[in-house]
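Notes to accompany the following structure.
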Amino acid sequence: MLLKVNGDSVEIDDGSNIDELLDMLEIPKTKVAVELNGVVIPNSELLGKALKDQDILEIVRAIGGG
Amino acid sequence: MEDLLTIAGRTYKSRLLVGTGKYKDFEETRSSIEASGAEIVTVAIRRTNIGQDSSEPNILDFLSPDKFTILPNTAGCYTAEEAIRTCKLARELLEGNNLVKLEVLGDKETLYPNMPETLKAAKDLVKDGFEVMVYCSDDPLLAKELEGLGCVSVMPLASPIGSGLGIQNPHNIEMILSKAEVPIIVDAGVGTASDASIAMELGCAGVLMNTAIAKAQEPVLMAQAMKKAIESGRQAYLAGRMEKKSYASPSSPTKGLIK
């Protein structure tokens with residue numbers, strides 16, 4: 001299936017969840033937050049969240065800023 | 001009695017709040033922040049780089065949320081909607097922390113706040129349980145309105161973000177202070193130690209700065225200077241300055257002079 005992650009197209013196996021997506025993209029699983037189709041996912045539900053074709057994700061972290 | 005800063009029910013010894021942007025590296029960030037004595041530090045929320053080195057250090061490894069109050073900002077947001085989304089992401093990122101620095105910008109050249117969008121976002125965020133510290137213009141009426149919406153701190157700019165021009169309109173800051181019931185923190189525009197002292201002498205509860213320290217020739221030394229400037233400005237405010245006079249008044253007795 002095809003996802004849009006941080007503005008880029010990403011291909012992943014059907015039936016994958018966010019845990020598998022983060023593994024594939026080599027993104028650390030702590031100190032990140034994810035918005036799925038405009039809705040922020042609570043931390044407690046993050047890794048197990050199932051994905052479907054055409055989902056749009058924003059994955060963010062904290063960086064230096066004022 | 002100890003003079004503490006209280007924001008959203010939490011107390012702080014330091015009245016200097018610092019940003020974490022524009023430093024050379026995390027080590028310089030950490031040493032400058034340590035030297036500043038700040039207990040509240042701001043961070044920005046940005047997209048994770050896809051395909052980045054997963055062992056790359058994260059700023060939160062250097063600034064532990066156990067040691068500092070991490071204040072996520074909405075810098076770079078130009079609409080209330082973007083700012084609200086960013087705050088919701090920040091809340092999950094920081095494990096339920098509700099304290100945010102709301103900043104909705106108007107344009108890229110001035111980085112002045114877009115006040116209609118700021119008011120809109122503040123209202124929705126407070127309703128959603130956020131504790132909002134809000135970057136705003138130095139308009140006394142809008143500052144009061146933000147307080148009325150339930151913001152826990154109102155943070156007018158001294159001058160444009162990153163400009164280092166100091167407090168351009170101290171009279172407006174005074175007007176805001178005279179009506180305020182929440183901590184007023186000058187946010188943005190401070191360039192050097194005297195600017196920070198002036199803000200504190202006016203009666204501000206604190207000062208938030210980033211570029212003034214990060215872009216000094218010696219950031220750690222400037223961080224130390226800012227710490228002292230904030231403390232001395234605060235002490236001068238509490239001490240109550242002498243009345244200004246138009247003419248001289250001798251400091252030595254005028255009686256008993258030799259003839």
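Atom set for the values below is all heavy atoms of this structure, side chains included, hydrogens, waters and symmetry mates excluded. By convention in this document, chain letters (A, B, ...) are assigned in the order of the sequence lines, proteins followed by strands, and residues within each chain are numbered from 1.
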(request) Compare every heavy atom of Val43(B) with every heavy atom of Ala62(A), then report the nearest pair and how far apart it is. (result) CB-CG2, 4.0 Å
(message) Could you measure the distance from the CD1 atom of Ile50(B) to the CE atom of Met24(A)? Nearest 0.5 Å is fine.
(response) 8.5 Å
(message) I'd like to know whether CD of Glu27(B) has more than 12 heavy-atom contacts from other residues, nucleotides or ligands below 6.0 angstrom.
(response) yes
(message) If you define the side chain from C-beta out and look only at heavy atoms, does anything of Arg61(A) sit under 4.5 Å from Arg46(B)?
(response) no
(message) Working to the nearest 0.5 angstrom, can you tell me the gap between Glu58(A) CD and Thr86(B) OG1?
(response) 9.5 Å
(message) Looking only at heavy atoms and a cut-off of under 4.5 Å, which of Asn210(B), Thr42(B), Leu89(B) has the most pairs with chain A?
(response) Leu89(B)
(request) Indicate the atoms forming the closest heavy-atom contact of Gly64(A) with Ala44(B), along with that distance. (result) O-CB, 4.0 Å
(message) For chain B, which candidate among Gly38(A), Ser44(A), Gly7(A) shows the most heavy-atom pairs at distances under 4.5 Å?
(response) Gly7(A)
(message) Given heavy-atom pairs under 4.5 angstrom as the criterion, report whether the side chain, backbone, both or neither of Glu95(B) touches chain A.
(response) both
(request) Please look at Lys22(B) and chain A and tell me whether the side chain, the backbone, both or neither of the residue comes under 4.5 angstrom of a heavy atom of that chain. (result) neither
(message) I need the residue from Thr30(A), Asn6(A), Asn43(A), Val40(A) with the largest number of non-hydrogen atom pairs under 4.5 Å to chain B.
(response) Asn6(A)
(request) Specify the closest pair of heavy atoms between Val32(A) and Thr48(B), including all atoms of both residues, with the distance to one decimal. (result) CG1-OG1, 4.3 Å
(request) Provide the closest heavy-atom pair for Gly66(A) versus Glu103(B) in the form atom of the first, atom of the second, distance. (result) O-OE1, 3.9 Å
(message) Please identify, among Leu63(B), Ile59(B), Asn58(B), Thr20(B), the residue contributing the most non-hydrogen atom pairs under 4.5 Å to chain A.
(response) Thr20(B)
(request) Count the heavy atoms of every other residue, nucleotide or ligand shown that sit under 6.0 Å from CD of Glu218(B), and state whether that count exceeds 12. (result) no
(request) Answer yes or no: does atom CD of Glu82(B) have more than 12 heavy-atom neighbours from other residues, nucleotides or ligands under 6.0 Å? (result) yes
(request) Kindly indicate whether the side chain of Lys88(B), heavy atoms from C-beta on, has any atom under 4.5 Å from the side chain of Glu35(A). (result) no
(request) Answer yes or no: does atom NZ of Lys228(B) have more than 12 heavy-atom neighbours from other residues, nucleotides or ligands under 6.0 Å? (result) no
(request) Please look at Ile41(A) and chain B and tell me whether the side chain, the backbone, both or neither of the residue comes under 4.5 angstrom of a heavy atom of that chain. (result) backbone
(request) Name the region of Val5(A), side chain, backbone, both or neither, that has any atom closer than 4.5 Å to a heavy atom of chain B. (result) both
(message) Can you tell me how far apart CG (Leu93(B)) and CD1 (Ile59(A)) are? Round to the nearest 0.5 Å.
(response) 12.5 Å
